[in-house]
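The next block holds one structure in the form of structure tokens; read it before the comments.
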Number of protein chains: 2
Amino acid sequence: MRARLRAEMTEEIKTTARRHLATEGANLSLRAVARDLGMVSSAIYRYFPSRDDLLTALILDAYTALGGSVAAAEGAVDRADLAGRFLAICHAVRDWALANPHEYALIYGSPVPGYVAPTDTVPAATRAVTVLGGVIEDASAAGLLRDDEALPPDAAQDVARVGALIAPHAPLGPLSRALGSWLHLFGFVSFEIFGQLKNAVDVPGPLFAQQMRAQAVYIGLPTA
Amino acid sequence: MRARLRAEMTEEIKTTARRHLATEGANLSLRAVARDLGMVSSAIYRYFPSRDDLLTALILDAYTALGGSVAAAEGAVDRADLAGRFLAICHAVRDWALANPHEYALIYGSPVPGYVAPTDTVPAATRAVTVLGGVIEDASAAGLLRDDEALPPDAAQDVARVGALIAPHAPLGPLSRALGSWLHLFGFVSFEIFGQLKNAVDVPGPLFAQQMRAQAVYIGLPTA
DNA sequence: GCATACCGAGAGCACTGCTCTTGACAGTGA
DNA sequence: TCACTGTCAAGAGCAGTGCTCTCGGTATGC
């Protein structure tokens, strides 16, 4: 019972912190959060040992939310439609980022000064890219991807290392292009969220859709 | 004479602020900068009306430094070697980011909370991408790029709008791919600088080189 | 029933950005 | 030469911050 109250309070702190994050930005004020909750700042330290730990909790939540959103979107597509699954992932990332820009900034923006990502954020962080790996792996298993590109040995090693984690049987050429698509995807979303596209592209949606469709073709994923 | 002292002092404040940025991170402390300069915090306000204005000055400097670095690297390559010029741009961006990670984070990371980019940062910010546009424009003028891709009308409009600014005569297909390369480039560099590649790629250099080389081919830039 | 563990409130410390006032100095016109 | 003007650094002070510590009160487990 006490434990349940504690869990509820912890969640309540996180949600109001999220709200403050959305209105104020990354410099989250513990005291302001405490004020909103009608309590004093020191009380928050009963639940989070420091401000960084609160941020870490929010980061972890953001990663799992993004990962879940991506996984859900990809899971709703016909398994045989590999390009469709890829595009679902891309749009899920962008849609989530547009809906939660401050949480996106929290995880994909510049890291907080002294902040070091605890190792327990790693599994949550890699969830989204693992979904992409599943698509590539399925396409590879279906014999749709061929090892059509000769990579330099050192680059091949990098690609193979990532591939071992997300798509162990995929040929390195398409895998390298899929990795590039991932970077392309986040480059686009980051530029859009962080305002780097201002005064250049006013309605980025169509451009995004076209770019990602081209990436699906470039990787070699067949359209259903 | 009075004016020269003032300019020197302004520059000195910026350089120590840059140093603090490199060691402390984005939350720059005016008081700490003042202490390092052997003066009191209020004295800084004679040179910068607020902390945000100091950050704006640093951001502007960072943009021009990056732009200059990119322009210099591209300018050193034989004009006929279009792929070489493209690759010089890519590596200049990454090298500058690796050499000045905190300044990179300042301009391409999550924007500071209340901070709104003054409009005078726009020309400095667009300088680097303008260099890329020059390469595409030259390739187009040399008849090396063909309009080989049919873009959806709305996406074509986005691409054309950017093209009007950086490469007005380039065909939209290659231009769209060049734009994608730009996003790919900054996606890679941001992931590397912000630690998103940790536990996945330990030596990103070769992978970066391979990815950008592939992008040059994908755009259609001929290797010399 | 009682000891234990937990919890919120409050005071306090060192720090921050920023404002205001004060006194010192350099350059200028009479 | 002298007074005036503009610029500058210094210092005090305000409101806010993260964080620590102590002090009562309350629920939990034996």
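Each chain gets a letter, A, B and so on, in the order its sequence line appears, and its residues count up from 1. All values below come from the heavy atoms of this structure, side chains included, with hydrogens, waters and symmetry mates left out.
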Polar atom pairs (N or O), protein with nucleotides 14-17 of chain C, under 3.5 Å:
residue: C:dT16; atom: OP1; partner: B:S29; partner atom: OG; Å: 2.9
residue: C:dT16; atom: OP1; partner: B:R35; partner atom: NH2; Å: 3.4
residue: C:dT16; atom: OP2; partner: B:R35; partner atom: NH1; Å: 3.4
residue: C:dG17; atom: OP1; partner: B:L28; partner atom: O; Å: 2.9
residue: C:dG17; atom: OP1; partner: B:L30; partner atom: N; Å: 2.5
residue: C:dG17; atom: OP2; partner: B:L30; partner atom: N; Å: 3.1
residue: C:dG17; atom: OP2; partner: B:R31; partner atom: N; Å: 3.0
residue: C:dG17; atom: N7; partner: B:R31; partner atom: NH1; Å: 2.3
residue: C:dG17; atom: O6; partner: B:R31; partner atom: NH1; Å: 2.9

Show the distances under 3.5 angstrom between N or O atoms of the protein and N or O atoms of nucleotides 23-28 of chain D.
none

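Close to C:dG8, at under 4.0 Å from its OP1 or OP2, lies a side-chain N or O of A:Y47. A:R6 has no side-chain polar atom (N or O) that falls below the 4.0 Å cut-off from OP1 or OP2 of C:dC6.
For A:T16 (side chain) and A:I13 (main-chain N/O), a donor-acceptor pair under 3.5 Å exists by modelled atom type.
If you look at A:F186 and B:F191, their ring centroids are closer than 6.0 Å. Not less than 6.0 angstrom separates the ring centroid of B:F188 from the ring centroid of A:H184.
Applying the salt bridge (charged side-chain N to carboxylate O under 4.0 Å, His left out) test to residues at least two apart or on different chains, the pairs with a partner in residues 174-183 of chain B are B:D148-B:R177, B:E149-B:R177. Sorted pairs that involve residues 33-63 of chain B and meet ring-ring contact (aromatic ring centres under 6.0 Å, His included), not counting sequence neighbours, are lacking altogether.
We find that NE2 of A:H20 is positioned 13 Å from P of D:dG16, with the value rounded to whole Å. Following rounding to the nearest Å, B:E8 (CD) and D:dC8 (P) show an atom-to-atom distance of 13 Å. One interatomic measurement links the two molecules: CG of A:L37 to C1' of C:dA9, which rounds to 15 Å at whole-angstrom precision. As rounded to whole Å, 12 Å separates atom C1' of D:dC19 from atom CG of A:D52. Taking atom CE of residue B:M9 and atom P of nucleotide C:dA26, one finds them 17 Å apart after rounding to whole Å. The CZ-P distance, from B:F48 to D:dC8, rounds to 13 Å in whole Å. Rounded to whole angstrom, the span from the CG atom of B:D53 across to the P atom of C:dT19 amounts to 11 Å.
With sequence neighbours left out, A:D95 forms a salt bridge (charged side-chain N to carboxylate O under 4.0 Å, His left out) with no residue at all. With sequence neighbours left out, the side-chain hydrogen bond (donor to acceptor under 3.5 Å, both in side chains) criterion links B:R161 to A:D202.
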Run the side-chain contact (heavy atoms from CB on, under 4.5 Å) test on B:E192 and B:R94 for me, step by step, so that the C-alpha distance in whole Å, both residues' side-chain angles and the decisive distance to 0.1 Å come before the verdict.
CA-CA 9 Å; B:E192 182 176 5; B:R94 176 167 179 264; 2.8 Å; yes
Could you walk me through whether A:R18 and A:E11 pass the salt bridge (Lys or Arg N to Asp or Glu O under 4.0 Å) check?
CA-CA 10 Å; A:R18 251 188 293 269; A:E11 204 55 42; 3.8 Å; yes
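One N or O donor and one acceptor, one from the side chain of B:S42 and one from the base of D:dA10, sit under 3.5 Å apart.
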